[in-house]
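A quick write-up on the structure given underneath.
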Amino acid sequence: MSGHLCPAIADLERVTAEHWQAADRGELGEWWLRAAGGFTGGANWALPLGDRGLPLAAAVDTVQAWYRSRELPAMVVVPRPLGPGGPSAAGAPCASLDRLLAARGWTIRSGPAIVMTAAIAGIGVHEAGVTVSLASEPSPDWLSIYRYRGQPPPDDALDLLLSAPWQAFATAVRDGRPAAVGRVSVAAGWAGIAAVEVAAEHRRGGLGTAVTMALAQAAAERGVDRVFLQVEEGNSAARALYARCGFRDVHAYHYRVAPAAPR
Ligand SMILES: CC(C)(COP(=O)(O)OP(=O)(O)OC[C@H]1O[C@@H](n2cnc3c(N)ncnc32)[C@H](O)[C@@H]1OP(=O)(O)O)[C@@H](O)C(=O)NCCC(=O)NCCS
């Protein structure tokens with residue numbers, strides 16, 4: 001693929017936050033705090049990048065108190081470079097923080113993820129044969145297919161789904177019924193693809209590819225030429241799909257979740 005993109009981890013992490021904007025936001029120096037009632041990791045994390053204006057341990061206490069006051073478990077996203085060394089590798093932006101959280105009993109949430117990027121020009125256009133329609137809001141059909149970590153979305157998911165400056169929702173139909181969906185958003189000069197889901201009985205039939213291509217094309221029509229997505233490290237099906245579409249791994253991240261009782 002031409003145009004493999006490798007932006008700085010911190011830049012890309014901040015971009016992703018513009019695509020999935022929690023209503024409840026705070027700041028601790030340059031750290032960002034987000035809450036949206038617990039739905040999705042990306043809307044309920046502290047992003048610990050930049051100058052926090054406090055010693056590290058005190059900053060973690062402040063983050064924990066912010067979430068406690070909302071009756072939510074405190075969660076911190078820990079971005080890390082790929083390859084050996086993990087979060088402690090040279091150049092890892094959160095190495096000492098990850099060690100401190102581990103020492104305090106913050107556990108790693110299941111499903112660490114990879115951020116992948118692509119140049120939209122390298123993704124291609126899906127072939128005729130699959131009709132993919134696009135809408136500015138998720139329809140009942142779209143919502144009937146969408147899953148987050150295998151579960152249907154809660155009623156208040158709509159606020160987050162519509163939280164980017166611009167987004168579109170793709171639905172592919174097979175045999176007259178919705179069979180696959182996905183969301184694309186545009187913000188901060190990037191497209192973001194999310195919520196790609198193919199109904200179990202329609203997998204391996206090209207719908208995931210068709211939806212991914214249609215979403216990327218919709219973003220290209222908005223004048224954007226690069227796209228990111230986040231995928232669980234262990235989701236080999238999705239990673240294979242995206243790799244075939246031209247995406248490449250850029251960095252990884254995991255979430256550290258505070259123990260239930262403060263220590
Ligand atoms: C991942 C997912 C979207 C793939 O959709 P799909 O319609 O089956 O994908 P496609 O048929 O377009 O597959 C394209 C290519 O991706 C790869 N691929 C897809 N599923 C795969 C699997 N289970 N194992 C290995 N490779 C796979 C293959 O290279 C495939 O090409 P091939 O069938 O010619 O070998 C689908 O499995 C799904 O909905 N999973 C649950 C939700 C999910 O994980 N979404 C992604 C969140 S980031």
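Indexing begins at 1, ligand by ligand and atom by atom, following the structure's order. Keep in mind that the numbers below use all heavy atoms, side chains included, and drop hydrogens, waters and symmetry copies.
Ligand 1 has a nitrogen or oxygen under 3.5 angstrom from a nitrogen or oxygen of Gly208. Of the polar atoms of His202, none of the N or O atoms is found under 3.5 Å from an N or O of ligand 1, judged by distance alone.
Nearest-residue assignment for atom 15 (C) of ligand 1 (options Arg244, Met116, Met213; heavy-atom criterion): Arg244. When the heavy-atom distances from atom 40 (N) of ligand 1 to Arg149, Glu232, Arg147, Arg203 are ranked, the shortest goes to Arg203.
At a cut-off of 3.5 Å, with distance as the only test, a side-chain donor of Thr40 or Trp20 sits close to an acceptor on the other residue. A donor atom on one side chain and an acceptor atom on the other are found under 3.5 Å apart for Ser110 and Arg149. If you check the side chains of His19 and Gln167, you find no donor sitting under 3.5 Å from an acceptor.
Residue contacts with ligand 1 include Gln230, since one or more of its heavy atoms lies under 4.0 Å from the ligand. The closest approach between a heavy atom of Ser236 and any atom of ligand 1 is not below 4.0 Å.
For atom 39 (O) of ligand 1, the closest non-hydrogen atom of the protein is Val198 N, 2.8 Å. Ranking the protein heavy atoms by distance from atom 12 (O) of ligand 1 puts Thr209 OG1, 2.5 Å first. The nearest protein atom to atom 23 (N) of ligand 1, hydrogens excluded, is given as Ala237 CB, 3.3 Å; this is a heavy-atom distance. Ala240 CB, 3.6 Å is the protein heavy atom nearest to atom 26 (N) of ligand 1. Of the protein's heavy atoms, Arg204 CD, 3.3 Å lies nearest to atom 20 (N) of ligand 1. Atom 44 (O) of ligand 1 has as its closest protein heavy atom Asn235 ND2, 2.6 Å.
Arg204 is linked by a salt bridge (charged side-chain N to carboxylate O under 4.0 Å, His left out) to nothing, counting only residues two or more places apart in sequence or in another chain. A search for salt bridge (charged side-chain N to carboxylate O under 4.0 Å, His left out) contacts involving Glu233 returns Arg80, not counting sequence neighbours.
Here is the list of ligand 1 atoms found below 4.0 Å of a heavy atom in Gly205: 11 (O). For ligand 1, the atoms sitting less than 4.0 Å from at least one non-hydrogen atom of Glu197 are 39 (O), 41 (C), 42 (C), numbered in the order shown with element in parentheses. Of all atoms in ligand 1, listed by their number and element, those nearer than 4.0 Å to a heavy atom of Val196 are 3 (C), 42 (C), 43 (C), 45 (N), 46 (C), 47 (C). With ligand atoms numbered from 1 in the order given, ligand 1 contributes 1 (C), 46 (C) to contacts under 4.0 Å with heavy atoms of Ala238. The ligand atoms of ligand 1 that sit less than 4.0 angstrom from a heavy atom of Gly206 are 10 (P), 11 (O), 12 (O).
The heavy-atom pair separating Leu134 from Ala214 by the smallest distance is CD1-O, 4.3 Å. His251 and Pro79 make their closest contact through CD2-CB, 4.3 Å (heavy atoms, listed as atom of the first residue, atom of the second, distance). Nearest approach of Asp249 to Arg239, heavy atoms of both residues: OD2-NH2, 2.8 Å. The nearest pair of heavy atoms linking Ala179 to His202 is CB-CD2, 3.4 Å. Taking both residues in full, the closest heavy atoms of Val184 and Ala191 are given as CG2-CB, 4.2 Å, listed atom of the first, atom of the second, then distance.
For the pair Arg25 (side chain) and Trp32 (backbone), a donor-acceptor distance under 3.5 Å is absent. Without hydrogens or angle criteria, Arg203 side chain to Val198 main chain gives a donor-acceptor distance under 3.5 Å.
Here Tyr242 has side-chain heavy atoms under 4.0 Å from ligand 1, and that is the only part of it that gets that close. Both the backbone and the side chain of Leu241 come within 4.0 Å of ligand 1, counting heavy atoms alone.
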